[in-house]
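Take a look at the structure set out below.
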Protein chains: 2
Amino acid sequence: MTIRDVAERAGVSTATVSRALSGARPVSPAVLEQVTRAAGDLGYSANGIASALRRSRTDTVGMVVPSIANPFFTALVEGVEHALQQAGRQLFLCSSRSDPALEAQRLRSLVARQVDGIIISPVHGVRSHDAVSWAAGQLPLVQVDRYVAGVDSDWVGVDDHLALRLVVDHLADLGVRTAAFVSSTLTNSSTELRVAGFQEHTARRGVAVDQVLLGEYSIDWGREAMRRLLAAGPLPDAVACADDLIALGVLQVCAETGVSVPADLLVTGFDDIPYAALSDPPLTTVRQPQDRIAGEAVRLLSAALGPDRAPPARSALAPSLVVRSSTGITPSG
Amino acid sequence: MTIRDVAERAGVSTATVSRALSGARPVSPAVLEQVTRAAGDLGYSANGIASALRRSRTDTVGMVVPSIANPFFTALVEGVEHALQQAGRQLFLCSSRSDPALEAQRLRSLVARQVDGIIISPVHGVRSHDAVSWAAGQLPLVQVDRYVAGVDSDWVGVDDHLALRLVVDHLADLGVRTAAFVSSTLTNSSTELRVAGFQEHTARRGVAVDQVLLGEYSIDWGREAMRRLLAAGPLPDAVACADDLIALGVLQVCAETGVSVPADLLVTGFDDIPYAALSDPPLTTVRQPQDRIAGEAVRLLSAALGPDRAPPARSALAPSLVVRSSTGITPSG
DNA sequence: TTGAAAGCGCTAACAC
DNA sequence: GTGTTAGCGCTTTCAA
């Protein structure tokens, strides 16, 4: 079932069928009618691979994220998919599973499959460099959320420095004098900026930094980190976390061990995933404008796909603070 | 930068380059070395589109799910991606956003892009029929979790009937005499089987069915349903939910309105998403063997990609009950 | 407006 | 083990 079958049935050339079906060039109404009918009768659907080879474009965009289980990335992916769809493009989604080697493989695969462009949230600030840099040299590429330095590409994400200012100011205003920070090992831009922001703003507000614990972005690491804080001696006034998953793990251990939040300890997260409002107690967190990040990423990529070469853009969008019970009034208080 | 450039540089034919790089046929060590070096020097990476056109296969599998924000599907997707990767295939992921029209469009697009096969969790038991049936006629297709009846394809999912037996027996054993069920509108196989299972097993155990509320699989619908139950008068002894998102919404409203779970009301979910253990109180739920479902789906698809045509397989895998505080002892009790 | 024909980059016969 | 060559299905010159 190829374009030739349709051409024969409609009594025209393959060129005419192509033009009629794609609408690329005008075709007489009578012929259009015939071709449309013939294609319909035959149940013809064009071979996108052949078309892509000929046109050397696939109308497909690849996206690589460290995890599709993390609701933050899920929301980002949904936003990107939606925005792309409106631009008539498809999304080819890959998970790098936080593994630079797998990430490199995914990028090679996307380039081999001739996607028109790539949106990536790189795993690692250093170990992702070569693969991302190579890919950016092959085709238009936009980094989201995290970025690797030294790659000539656009970036869109949240203003991490501002975000930590919102968190620390909120805690300091509540009278916090000592605070710990639980984050991921310092391997990418976002993480580094969040830790740096925490250090800077606590210093500015005269809040003593109790501990900075580095692990990974997961509930399990949050649980582990909270256990370590408990084992280390007297708790600080607050624990700020670099993402909501960590914070949810921290809250879970608090509930298990009888640490009352917020009476004994204030806890904050980052991302405002849907489950942040459902924990015990509901979590105060930083809301990222994911839809705007996704939309901007697609916009930048579309621009990069166009003819004119613009200099790399970096846009840091403003986050907002969502205050819930984990730093607020306890229900029984 | 094509295979011809590599061939010229290596001083061999394009066919030899193809053979050397793909390993499809033996090549002398010296030539292999030359070709590899030439390709490396040039930074050559093969054009997968051209290769796909020639071989008429893409080594790519398409997957369509109703939502990538639902952690249940996220876990399923991760499992499928992992299993495919081991089989040397890539995943092309699409979200149908629970919209049959969008789902049909995604299927058309996947077929046009010549994926080798499709794994789909259909949106709707009836309205997905035509598109899924058409796609199944074009290429190998496996349905997961949900299915549309009357399509000649494999299916893998959980044994919903058994699952509801586990839930109802657990509740009945705890002394529950009246129970409500909160689910999605009856539009697909899973949902129907869960409601039917609830009805049947409550009847068997002599538990009176208070109400069956049908909406959608979301936290918001869980909230809304619980509000309706509160407004309707005396609460039943238990509320069973058709998925964890609904149950989390129910629990949230309970917490807000002072309904003590499990003292005043028992609540159960379905799926055992990661957040089911983090709610207030932690949620008793049915654990689906997602990894096994994903693995089995890929296995069935691989079989369907092979030469021999087997009759459609239906495998319903056994779930297990995970008991947590929402039906257990209250911490203060 | 339409058709003939070239060719996108690759791989698989088929020869040697 | 290697080269020559045809052709996957489509789009797009070019000519009519």
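Sequence lines set the chain letters: A, B, ... in the order given, protein chains first and strands last, and positions in each chain run from 1. Below, each value reflects all heavy atoms present in this structure, side chains not excepted, and no hydrogens, waters or symmetry copies.
- In this structure, A:Arg314 satisfies the cation-pi test against A:Tyr147, with its NZ or CZ atom closer than 6.0 Å to the six-membered ring centre and inside 45 degrees of the ring normal.
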Distances under 3.5 Å only, N/O to N/O: pair up the protein atoms with those of nucleotides 12-16 of chain D.
from, atom 1, to, atom 2, distance (Å)
D:dT12, O4', A:Arg54, NH2, 3.4

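- Taking atom CZ on A:Arg57 and atom C1' on D:dT11, their separation rounds to 13 Å, with Å as the unit.
- As rounded to whole Å, 15 Å separates atom C1' of D:dT11 from atom CZ of A:Arg4.
- Using a 4.0 Å heavy-atom distance criterion, A:Ala46 is classed as a sugar-phosphate-only contact.
- Between B:Ser96 and B:Asp99, the side chains place no donor N or O within less than 3.5 Å of an acceptor N or O (distance only, hydrogens not considered).
- Look at B:Tyr44 and you'll find a side-chain N or O under 4.0 angstrom from OP1 or OP2 of C:dC10.
- Straight-line distance from the CD atom of B:Gln34 to the C1' atom of D:dT2: 13 Å, rounded to whole Å.
- Here C:dG9 presents its P atom at 17 Å from CG of A:Asn47, a figure rounded to the nearest Å.
- Taking the side chain to side chain donor-acceptor pair (under 3.5 Å) definition, one finds that B:Ser13 meets it with B:Thr16, sequence neighbours left out.
- Between A:Ala50 and B:Val12, the one whose closest nucleotide on DNA chain D sits nearer the 5' end is B:Val12.
- Counting only N and O atoms by type, the side chains of B:Ser109 and A:Gln90 include a donor and acceptor under 3.5 Å apart.
- Note: CD (B:Glu8) to P (D:dG3) measures 13 Å, nearest angstrom.
- Counting to the nearest Å, the P atom of C:dT11 and the CD1 atom of B:Ile49 are 13 Å from each other.
- For the pair B:Ile3 CD1 and D:dG3 C1', the computed distance is 13 Å after rounding to whole Å.
- Counting heavy atoms from C-beta outward, B:Asp59 and B:Asp116 have side chains that approach closer than 4.5 Å.
- Among the protein residues, B:Ser51 comes within range of the sugar-phosphate backbone only, with heavy atoms under 4.0 Å from sugar or phosphate atoms but none that close to a base.
- Inter-residue side-chain proximity for A:Pro289 and A:Val158 is flagged as met; some heavy-atom pair is nearer than 4.5 Å.
- Considering only heavy atoms from C-beta on, A:Leu93 stays 4.5 Å or farther from B:Val77 through its side chain.
- In this structure, A:Ser13 reaches the C:dG3 phosphate: one of its side-chain N or O atoms is under 4.0 Å from OP1 or OP2.
- If you find the closest nucleotide of DNA chain D to B:Val27 and to A:Leu53, the one lying nearer the 5' end belongs to B:Val27.
- The interatomic distance linking B:Leu21 (CG) with D:dT2 (P) rounds to 14 Å, in whole Å.
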